[in-house]
Amino acid sequence: VVILGTRDDRKAFLVCVVSRDLTDRFPASKFLERLAPIVGGSGGGRPDMAQAGGRKPGKLPELLDQVETVLGEMVS
């Protein structure tokens with residue numbers, strides 16, 4: 001599972017990629033559905049790759065801090 005994030009002055013940009021052997025347990029689109037609202041956005045895609053954006057780029061560090069928590073919740 002890889003989650004990348006970047007931002008400019010107006011928007012945050014996210015990409016999540018999951019290896020095919022893990023997509024049944026950790027779909028990329030589900031990760032971003034849970035994380036994108038932190039940056040005021042939404043996203044979507046396939047189980048192996050999804051993209052999102054949001055209008056609160058200053059919240060990107062907070063979003064990245066939550067990745068491990070979301071992963072843990074998806075394991076449970």
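Since this is a predicted model, take the numbers as computed values, not measurements. We count residues from 1, following the sequence as given.
Hydrophobic cluster membership for L4: V2 (Ile, Leu, Val, Met, Phe, Trp, Tyr linked by side-chain heavy atoms under 4.5 Å, directly or transitively). In this structure, F13 shares a hydrophobic cluster with no other residue, the cluster being traced through Ile, Leu, Val, Met, Phe, Trp and Tyr side chains under 4.5 angstrom apart. In the hydrophobic clustering, where aliphatic and aromatic side chains (Ile, Leu, Val, Met, Phe, Trp, Tyr) are joined below 4.5 Å either directly or transitively, M49 groups with V15, V17. Residue F26 shares its hydrophobic cluster (ILVMFWY side chains chained together at separations under 4.5 Å) with V1, I3, L14, V18, L22, F31, L32, L35, I38, V39, L60, L63, L64, V67, V70, L71, M74, V75.
Counting only residues at least two apart or in different chains, salt bridge (Lys or Arg N to Asp or Glu O under 4.0 Å) contacts with residues 49-61 comprise K59-E62. Residue pairs meeting the side-chain hydrogen bond (donor to acceptor under 3.5 Å, both in side chains) criterion with at least one partner in residues 23-41, sequence neighbours excluded, are R34-E73. Among residues at least two apart or in separate chains, there is no salt bridge (Lys or Arg N to Asp or Glu O under 4.0 Å) pair with a member in residues 5-15.
In this view, R20 and D48 satisfy the salt bridge (Lys or Arg N to Asp or Glu O under 4.0 Å) rule, not counting sequence neighbours.
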